[in-house]
Amino acid sequence: MARIPDDELERLKRETDLVALVQGAGVALRRHGANLVGRCPFHDDQGPSLVVTPSKNLWHCLGACQAGGSVIDWVMRTERVSFRHAVEWLRAKTGSAPVSALAPIRF
C-alpha cells in the first residue's frame, strides 16, 4: 500500500478550512476571543465544549469525549472512516491529486 507523503498531509491540513467542515457537520459556532466554540457532535453536550482554533486549524473537545486534532481527525470522526479514507475524502473535496498519485513506501 502506498504511503501518503508528509508534505501532502501538511498541505491538506493547511489548505482545508476546518471552520467550514465543522459548520458543514451542523455545528453552530460562535466567536470566543480568537477561537470559536460550539456543541460537540460526538457526545450529548449541554453547553459549548468544542473549541475550534482557526489560526492553527485545530479543534478540541473540552467535554466528555476529549477528542481533538486536525482536519483529518475531524473527517475520521464525523465520517467514521480510516486515516487513509479521510485523506482521500479531503482530496476529493479539495480537488487534489487522485489516490494513484500516492508515493510508494520507502524502507
**Student:** If you take all heavy atoms of Ser82 and Met76, which pair is closest and at what distance?
**Tutor:**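 Ser82 and Met76 have their closest heavy atoms at O-CG, 3.8 Å.
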**Student:** With the 4.5 Å side-chain cut-off for hydrophobic clustering, are Phe42 and Phe83 part of the same group?
**Tutor:**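 Yes, same cluster.
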**Student:** What I'd like to find out is whether the side chain of Leu29 reaches to under 4.5 Å of the side chain of Val37, using heavy atoms alone.
**Tutor:**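 Counting from C-beta outward, Leu29 and Val37 never come under 4.5 Å.
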**Student:** Tell me every residue that passes salt bridge (Lys or Arg N to Asp or Glu O under 4.0 Å) with Asp6, counting only those two or more places apart in sequence or in another chain.
**Tutor:**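 With sequence neighbours excluded, Asp6 shows a salt bridge (Lys or Arg N to Asp or Glu O under 4.0 Å) to Arg3, given in chain and number order.
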**Student:** Same cluster for Val52 and Val27 if Ile/Leu/Val/Met/Phe/Trp/Tyr side chains link at under 4.5 Å?
**Tutor:**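 In one cluster: yes.
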**Student:** Which atoms form the tightest heavy-atom contact between Val19 and Pro54, and what is the distance?
**Tutor:**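 Shortest heavy-atom contact: CG2-CG, 4.0 Å.
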**Student:** Determine which pairs satisfy side-chain hydrogen bond (donor to acceptor under 3.5 Å, both in side chains) with at least one residue from residues 30-43, sequence neighbours left out, and list them in order.
**Tutor:**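 Residue pairs passing side-chain hydrogen bond (donor to acceptor under 3.5 Å, both in side chains), neighbours aside: Asn35-Thr53.
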**Student:** With sequence neighbours left out, what residues match Ser55 under side chain to side chain donor-acceptor pair (under 3.5 Å)?
**Tutor:**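 Once residues adjacent in sequence are excluded, Ser55 has no partner under the side chain to side chain donor-acceptor pair (under 3.5 Å) criterion.
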**Student:** Looking at every heavy atom in both Val71 and Leu12, which two are closest together, and how far apart are they?
**Tutor:**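 Shortest heavy-atom separation between Val71 and Leu12 comes out as CG2-O, 3.9 Å.
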**Student:** May I ask you to test the Ile72-Val87 pair for a side-chain heavy-atom distance under 4.5 Å?
**Tutor:**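 In contact.
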**Student:** Give me each pair satisfying side-chain hydrogen bond (donor to acceptor under 3.5 Å, both in side chains) with a member in residues 58-70, each pair once, sequence neighbours excluded.
**Tutor:**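 For residues 58-70: Ser70-Asp73.
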**Student:** Give me each pair satisfying side-chain hydrogen bond (donor to acceptor under 3.5 Å, both in side chains) with a member in residues 13-23, each pair once, sequence neighbours excluded.
**Tutor:**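 Listed by first then second residue: Arg11-Glu15.
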**Student:** Hey, could you give me the SG/CG distance between Cys65 and Leu50, rounded to the nearest 0.5 Å?
**Tutor:**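 Here the rounded value is 8.0 Å.
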**Student:** Heavy atoms only: give me the nearest Leu21-Trp74 pair and the separation to one decimal.
**Tutor:**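 The pair with the smallest heavy-atom distance is O-NE1, 3.7 Å.
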**Student:** Are the side chains of His85 and Glu79 in contact, using a 4.5 Å heavy-atom criterion?
**Tutor:**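 With C-beta onward as the side chain, the pair stays apart.
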**Student:** Using a side-chain heavy atom cutoff under 4.5 Å and only I, L, V, M, F, W and Y, what cluster partners does Leu58 have?
**Tutor:**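 In the cluster with Leu58 there is nothing else; it is isolated.
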**Student:** Applying side chain to side chain donor-acceptor pair (under 3.5 Å), name anything that partners Ser49, two or more places apart in sequence or on another chain.
**Tutor:**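 Partners of Ser49 under the side chain to side chain donor-acceptor pair (under 3.5 Å) test: Asp45.
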